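Below is one structure, written out as structure tokens; the observations come after it.
Along the sequence shown, residues are numbered consecutively beginning with 1. None of the values given here were measured: they were computed from a predicted structure. Note that ligands are numbered from 1 as they come in the structure, with each ligand's atoms numbered from 1 the same way.
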Amino acid sequence: MKITHMRVNHRKNPLGYLLRNPIVFSWQVADPKGKFEKACRILISKDENFKNIIYDSGPTKRNTPVLEVNLNLEPRTRYYWKVFVWDDTGNYTESNISWFETGKMNESWNANWITPDWEEETCHPILTKEILIKNNISKARLYGTGLGLYEIKVNGQKISDELFLPGYNAYDKWIQVQTFDISKQLKHGKNKIEVLLGNGWYKGKFGVMEPREKIYGDKFLFLAEIHVEYEDGTKDLFVTDDTWEALPSPIVNSSIYDGEMRNYYEIPNIKWKTRIINLGFENLVDRLSPPIKIIEEIKPIKYIKTHRGERIIDMGQNMVGWVRFKARIPKGHEVVLQFGEVLSDGDLYRDNLENAKQEFRIIGDGIERIYEPNFTYFGFRYVKLIGFENININDFVGCVIHSEMERRGYIKTSNWKINRLYENILWSQKGNFIDTPTDCPQRSERLGWTGDAQVFSNTALYNYDCVAFYEKYLYDLWQEQKDNNGSVPMYVPALKFKQNPKRIYVGIGSAGWGDVATILPWHIYLHTGDKSILKKQYDSMKAWVDFIISQDDGSRIWKRGSFFGDWLALDSRDPNNKFGSTPMELISTAFYAYSTYILANAAKILEYKEDAEYYEKLYEEIKEAFKKEFITPNGRVASDTQTANVLILKFKLADEKDYKRIAEDLVNKIIMAKGHLTTGFLGTPYLCLVLSENNYHNVACQLFIRDDFPSWLYAVNLGATTIWERWDSILPNGEINKVSMNSLNHYAFGSIGEWMYKHLVGFQIDETNPGFSHAIINPKPCKFIRWVKGELNTISGTYRCEYKIINNRLIKIKVEVPFNCTATFIYPDGDKKEELMPGNYEFDYIPEETFEENFSLNSRLFDILAHPKGRSVLLKYFSLLLENYSPNFSDLKDKTLDEFIKFNAGLFFRNEMLNILEKELSEINIYEI
Ligand code: BGC
């Protein structure tokens, strides 16, 4: 028995992070002897030998996957902790020692903010100082931060592999302070500190509204204290002040959107003094952002010379970061690398980058070097190389950057297209998890759009442990709300509008966007069982709901707001309409109800009795008003969009008796759309979920395996390696859709991942027992997929579930439940259950309906139509009928092809044709999508 995954506030050995009470500790047990953790004990000490213990839980029991502890911590102090675990067989084990270390907390600063003392900003500066270390060091820490971005070297070596420090947040509200352990970098004698500063989000070009640069400030700034403890017990303190100097760097300019420009040829021979700036210290807060790093490296797959003679390298993957390369650039000669996502007519297409240049320009000095940018990142698959002499693609490496997060889920199936879709979802998450969850990583936007973050959050939490990442985003969100009457801006950070300081915030709360304030903490709670997230966000959650109340005229229908509707839905007659045609008030009131429901639940969990009662009552009122306004007494929904029914089913906004009809009507709406989805940002995440949860799993599967427009696999067919912003970002002929706002790396529609985990694999959360200490495992095979394998490394341990269709009849299911967890296994049809203890299980299941390997006249019409090969056969024979769906068609939803032919085409269809059709269908392997 071994203790693993020791985490403090969902972080491993956190150094200098903000630690707010209650602090949560979690761990897992590997190689157990028994099945359950009977008791645990956690010890926290100020020394490694556990002599100076500050907390001892005594033998206790974890009721959730995390143990909450309230601590009185001191600044700049390392604490050590370990856990003891007893299992149900009387075995006992002790963990290794882990630690966490506080940053400056509220301690006052001795250092000063400094900036180069120059007339005019000529380049990106390097602030430098020599310090004298008088003795052998036992401990040295640097506490500091820089604006817009900074990178520190001690004696020529970077002190950390983190990128884009201090991160991207609402700098006008709080500035994150980092702590670095530099005990090993400093040596006895003279030491040189160098700090390179960049523009970043703080002062570089950024944002979609004026001013598009210098949003938070117009100066390069740096602040640091170096605390040194010597082996002899004495101490030293070095701080930033005006004795520091500034030197020019080769970086002439940089911005997140435009890239970086360097000139090695003409670095001015100049030195500046620095001066002290009074920026104050009140906004300094110990960091929350997990580190951004180069997480993986990939090799280009192809070198392309276009018909215009352009030279391009293809990374084979739409990725985020940059290429690193080795080159000797002749003196005074310029090379340019331009980054883009797609080729059009054989050339690099960059119009979808809008106002972002995405380029790396370098003027050389004849010295061979390895180049990579410091203060910018690109969203790209292709790199155009201009000014290079010889190109060898082996000299280029793709550096994939994102915020650090551990993988949680894995899904693999027998079908390559589905596997590729899943990979695309992961790539879009990686590419947009760069300190803030962004809409896209390439065009002149890259903003923390709240709606996008909201709709993708459940999928994200299944894919990766991104709790720490989201904790920072939610902290930012709350800072923005405080100044804005509880309303949530369209994107967080909201940026700052200098020209009109009163209108600091972008828009007033939008339905489905602002609701990230309630939905995201709720999802985190469900995935982790960690109530402290609800506690930390409670004020923000409540402020958001109270803001909606302030917009409510008493009718409980939310009418006022700047709404985005069901963004990019396909159900509007006007192809230029981005909002879809679900009534705005239906959407807004549905989210009003859902946010209130979540808030009432959070209040109950946190035992805020009064609030729980108040918001529960409010929720009932909203639900009543909603029903009156949008559902007829017989259960018809007063909107003809799919999203309307989806939201009602998901948020449970109807009377019990009506759900059956609402689900049925949803299926009819899908049929009317020729078996396609028409949903946008708000309907899409829940579409397949509500179908599978309301006895229409087969329809969910039909939608899921389609590969014609619009569908998830349509993009895969066209070679997508990430999730696109639009259902038709690329047109069927392979050309990019030249509309404005067309990113090829936008995770919102990747929210289908949640359905894949919950229904295709079957990993469901038990809301009464969140954090997977008890899970519901309910795999639901899809007749088009022969096998599925899933793994979920939850905070409580690793679950596995896999199954295989054998001989079209039998389904063999294997399940693994981790130590200290239990699960309810539900057979695919939902009719039988089994309670599982930790261990491995195998189930044989014979479905009611035989799965077929090949189609026949007895196959369901809509199964054949959903199947790419089946559809093309049917279209040959019945194109007219099938292209002109009539409302009667919905009567056919459970009918076989045979019945369809009799019903519609019997008279015209000759027997020999029937035989040929049957033969063609029998040659299709259903599993080959
Ligand atoms: C963004 C979206 C966002 C939307 C809202 C777009 O420009 O890229 O993803 O949610 O605006 O209007």
Problem - Which residues share a ring pair (Phe, Tyr, Trp, His ring centres under 6.0 Å) with Tyr525, sequence neighbours left out - result: Trp522
Practice task
Only counting residues at least two apart or in another chain, list the ones meeting salt bridge (charged side-chain N to carboxylate O under 4.0 Å, His left out) with Glu296.
Solution key: Lys430
Can you list every pair where an N/O of ligand 1 is under 3.5 Å from an N/O on the protein?
residue, atom, partner, partner atom, Å
ligand 1, 7 (O), Glu445, OE1, 3.2
ligand 1, 7 (O), Glu445, OE2, 2.6
ligand 1, 8 (O), Asp439, OD2, 2.7
ligand 1, 8 (O), Arg443, NH2, 2.7
ligand 1, 8 (O), His746, NE2, 3.2
ligand 1, 9 (O), Asp452, OD1, 3.3
ligand 1, 9 (O), Asp452, OD2, 2.5
ligand 1, 9 (O), His746, NE2, 2.9
ligand 1, 10 (O), Asp452, OD1, 2.6
ligand 1, 10 (O), Trp513, NE1, 3.1

Practice task
Decide whether His527 and Asn458 meet the rule of one side-chain donor and one side-chain acceptor closer than 3.5 Å.
Solution key: yes
Problem - Check: Tyr377 ring centre within less than 6.0 Å of Tyr257 ring centre - result: no
Exercise for the section: Using only heavy-atom distances, determine whether the side chains of Asn318 and Glu341 contain a donor-acceptor pair under 3.5 Å. Expected result: yes
Exercise for the section: Only counting residues at least two apart or in another chain, list the ones meeting ring pair (Phe, Tyr, Trp, His ring centres under 6.0 Å) with Trp478. Expected result: none
